[in-house]
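Here is the structure we will look at, set down as structure tokens.
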Amino acid sequence: MSDYEFDNALLLKLDELAARHDQLLEQMRDPAVATHPSRIIELNKEYAKLKRVVDPYRAYRNVLRELHESEEIMRDVTADPEFRQLAQDEVPALRQRTAQGAEQVKKSLVSGDDAAISSVIMEIRAGTGGNEASLFAGDLFDMYKRYCDHKGFTVELMSCSAGEVGGFKEVIL
């Protein structure tokens, strides 16, 4: 097995996920399901979760198929010599694209749950230390807010209790 191929058990599992992905799409297109908003939301969430894995997998399979076709043309002694040369010239690039596709599939399998995180609730409390602790909590809030702004995250202030001389006794964002 080369560095761009998976074992059969993993391929079977990925094929099952792709089939489930297609099944969910068909269910969402069903007019009977469209009348149940909660069911549509449930199906759409599962569909989106599978899409992160299925799309790279399908792209990988397409490039792998092209690679196998080109290698088959190269081995065919009855094929036109120019056609065989074109296939031979194409194989190194296809091997590289297949290896990159395999890496994308692996990343999607590993990071699938991480990508599902859409929000975080953070709570900062001033500990013991009186006014200095509340000032430090304010500094932490400012630091995290600037970080979120820099990364393009949306920050929503949910609750806060201001300190006596500035900062926060407690802030939830």
Side-chain angles (χ1 to χ4, degrees), residues 1-74 86-87 90-125 137 140-161 168 170-173:
M1 179 173 12
S2 64
D3 61 343
Y4 55 80
E5 293 180 344
F6 297 109
D7 68 354
N8 287 336
L10 182 57
L11 286 175
L12 288 173
K13 184 62 177 172
L14 288 167
D15 285 336
E16 286 176 21
L17 293 176
R20 177 66 181 153
H21 180 263
D22 294 340
Q23 182 184 34
L24 289 168
L25 184 60
E26 288 302 314
Q27 287 179 6
M28 288 189 299
R29 290 179 179 163
D30 185 2
V33 175
T35 59
H36 298 89
S38 61
R39 180 70 178 141
I40 286 288
I41 291 170
E42 179 184 319
L43 292 172
N44 202 6
K45 284 181 181 179
E46 185 179 354
Y47 177 82
K49 186 176 180 182
L50 289 176
K51 185 175 178 62
R52 285 191 296 271
V53 175
V54 171
D55 284 354
Y57 172 63
R58 286 189 171 149
Y60 161 79
R61 290 296 289 231
N62 287 336
V63 175
L64 185 63
R65 181 184 38 78
E66 289 178 38
L67 174 62
H68 289 314
E69 289 172 358
S70 292
E71 289 174 339
E72 191 174 307
I73 291 169
M74 284 176 30
L86 282 173
E90 192 176 49
V91 165
L94 286 172
R95 283 188 178 142
Q96 183 178 2
R97 285 179 47 208
T98 305
Q100 290 170 346
E103 283 302 310
Q104 282 298 113
V105 172
K106 289 175 188 176
K107 283 181 184 178
S108 71
L109 289 170
V110 172
S111 66
D113 291 337
D114 294 341
I117 297 173
S118 62
S119 63
V120 173
I121 296 176
M122 181 182 292
E123 188 172 329
I124 301 171
R125 294 179 184 266
L140 282 176
F141 171 77
D142 291 339
M143 179 189 69
Y144 282 119
K145 176 135 178 30
R146 281 193 306 269
Y147 176 80
C148 291
D149 290 342
H150 177 72
K151 291 291 187 178
F153 301 145
T154 303
V155 177
E156 178 183 335
L157 190 62
M158 298 172 69
S159 167
C160 71
S161 174
F168 296 102
E170 171 188 75
V171 61
I172 302 172
L173 57 134

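- One distance of note links CG of Asp22 with CG of Leu17; it measures 11.0 Å at 0.5 Å rounding.
- The number of heavy-atom neighbours closer than 6.0 Å to CD of Glu72, taken from other residues, nucleotides and ligands shown, is 12 or below.
- Judged as a salt bridge (Lys or Arg N to Asp or Glu O under 4.0 Å), and not counting sequence neighbours, Glu156 has no contacts.
- In terms of heavy-atom proximity, Arg52 sits nearest to Ser108 at O-CB, 3.1 Å.
- Between Phe168 and Phe141, the ring-plane angle classifies as perpendicular under the 30° and 60° cut-offs.
- In this structure, Arg146 does not pair ionically with Asp142, as no charged nitrogen and carboxylate oxygen lie closer than 4.0 Å.
- Looking only at distances, no side-chain donor or acceptor of Ser70 sits under 3.5 Å from a matching main-chain atom of Leu67.
- At a threshold of 4.0 Å, the pair Arg39-Asp30 does not count as salt-bridged, since none of the basic side-chain nitrogens sits closer than that to a carboxylate oxygen.
- The side-chain heavy atoms of Arg95 and Glu71, taken from C-beta on, include a pair separated by under 4.5 Å.
- Between the CG atom of Leu50 and the CG atom of Leu14 there is a distance of 11.0 Å, given to the nearest 0.5 Å.
- Salt bridge status for Lys106 with Glu103: present, with a side-chain N to carboxylate O gap under 4.0 Å.
- For the pair Val155/Tyr147, no side-chain contact is recorded, criterion being any heavy-atom separation below 4.5 Å from C-beta on.
- Legend: residues meeting side-chain contact (heavy atoms from CB on, under 4.5 Å) with Ile73, ordered by chain and number and at least two apart, are Phe83, Arg84, Ala87.
- At a threshold of 4.5 Å between non-hydrogen side-chain atoms, the residues Asp15 and Arg61 count as touching.
- Look at Arg97 and Glu90 and you find no salt bridge, because none of the NZ, NE, NH1 or NH2 atoms lies under 4.0 Å from a carboxylate O.
- Looking at Arg65 and Glu69, a side-chain N of the basic residue comes within less than 4.0 Å of a carboxylate O on the acidic one, giving a salt bridge.
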Handout entry: Step-by-step side-chain contact (heavy atoms from CB on, under 4.5 Å) determination, Val54 to Tyr47
Key = CA-CA 10 Å; Val54 171; Tyr47 177 82; over 6 Å; no
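- Atom CG of Leu94 sits about 10.5 Å away from atom NE2 of His68, to the nearest 0.5 Å.
- Between Glu123 and Ile172, the closest heavy-atom pair is CG-CG1, 3.7 Å.
- No more than 12 heavy-atom neighbours from other residues, nucleotides or ligands sit within 6.0 angstrom of CD1 on Ile121.
- A heavy-atom distance below 4.5 Å is found between the side chains of Gln23 and Gln27.
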Problem - Working for side-chain contact (heavy atoms from CB on, under 4.5 Å), residues Leu25 and His21 - result: CA-CA 6 Å; Leu25 184 60; His21 180 263; 5.7 Å; no
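- Side chain of Arg20 to main chain of Glu46: no donor-acceptor pair is present (N/O by atom type, distance under 3.5 Å, no hydrogens or angles).
- Partners of Asp55 by side chain to side chain donor-acceptor pair (under 3.5 Å), not counting sequence neighbours, listed by chain and number: Lys51.
- Side-chain atoms of Tyr144 and Ile124, non-hydrogen and from C-beta on, do get closer than 4.5 Å to each other.
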